[in-house]
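Let me begin by presenting the structure, written as structure tokens, before commenting on it.
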Amino acid sequence: MKILVVNGPNLNMLGIREPGIYGKATYEDLLKLIKEYADGKGVEVSFFQSNHEGALVDAIQQAYFDKVDGIVINPGAYTHTSVAILDALKAVAIPTIEVHISDVTTREDFRQISYIRPVCKASVIGEGFNGYLHAIDILLGD
Ligand code: DQA
């Protein structure tokens, strides 16, 4: 089982950005947490982060050619704006779980829209970093 974890804009700033919302742990801490969990489950995990919409589209397309079995994606602010990321996920048709660290359902109106949600198997919202682990479990059927 090969899983690609994709993070969008400003998620590289975890630990620095709005710690009251996203916590004090860093992006590196997040990768370590996911890697250890995936190793324990015998899952091959790879990571991609970018602040650029097109680079995220490229990474999703590449997942098809790399025969990735599942995608865990937190598109950050592009969640609420990006038809291009939606179309990329539709194009590759790889089972995908949407993750948000914060509880977007209780935040601003503009965060209530997710362009990718209709093509995702599930959305894990407001579970902090553990949400990524929950997403892996869903992909594994656990
Ligand atoms: C986020 C929520 C988005 O609204 C925001 O733009 C982010 C992070 C989350 O993980 O809670 O960058 O996706």
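Worth saying up front: this structure is predicted, and the values here are computed from it rather than measured. Every heavy atom of this structure was used, including side-chain atoms; hydrogens, water molecules and symmetry mates were not. In listed order, ligands and their atoms are each counted from 1.
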**Complete:** Residue, atom and distance of the protein heavy atom nearest atom 11 (O) of ligand 1 read S102 OG, 2.6 Å
**Request:** List the closest protein heavy-atom neighbour of atom 5 (C) of ligand 1: residue, atom name, distance to the nearest 0.1 Å.
**Result:** R111 NH1, 3.3 Å
**Item:** Location of contacts on R17 toward ligand 1, heavy atoms closer than 4.0 Å
**Value:** side chain
**Request:** Would you mind telling me if ligand 1 is within reach of the side chain of H100, the backbone, both or neither, using heavy atoms under 4.0 Å?
**Result:** both
Is a side-chain donor-acceptor pair under 3.5 Å present for [Y] with [X]?
| X | Y | answer |
| --- | --- | --- |
| Y132 | N7 | yes |
| T79 | E98 | no |
| N51 | Q49 | yes |

Any N/O of [X] closer than 3.5 Å to an N/O of ligand 1?
| X | result |
| --- | --- |
| A77 | yes |
| R107 | no |
| N74 | yes |

**Message:** Are more than 12 heavy atoms, taken from residues, nucleotides or ligands other than K90, located less than 6.0 Å from that residue's NZ atom?
**Reply:** no
**Request:** Taking only heavy atoms of H80 into account, list the atoms of ligand 1 that are under 4.0 Å away from them.
**Result:** 3 (C), 4 (O)
**Prompt:** Atoms of ligand 1 less than 4.0 Å from Y22 heavy atoms?
**Reply:** 2 (C), 5 (C), 7 (C), 8 (C), 9 (C), 11 (O)
**Prompt:** Closest heavy-atom contact between K35 and F47?
**Reply:** N-CZ, 4.1 Å
**Request:** Indicate yes or no: does K32 engage E36 in a salt bridge with an N to O separation below 4.0 Å.
**Result:** yes
**Asked** Can you find a heavy atom in the side chain of K41 that is under 4.5 Å from one in the side chain of D142?
**Response** yes
**Message:** Tell me every residue that passes side-chain contact (heavy atoms from CB on, under 4.5 Å) with Q112, counting only those two or more places apart in sequence or in another chain.
**Reply:** T105
**Message:** So, 4.0 Å and heavy atoms of Y78: is ligand 1 close enough to count as a contact?
**Reply:** no
**Message:** As a check for students: among N7, T81, V104, I101, identify the option with a heavy atom nearest to atom 10 (O) of ligand 1.
**Reply:** I101
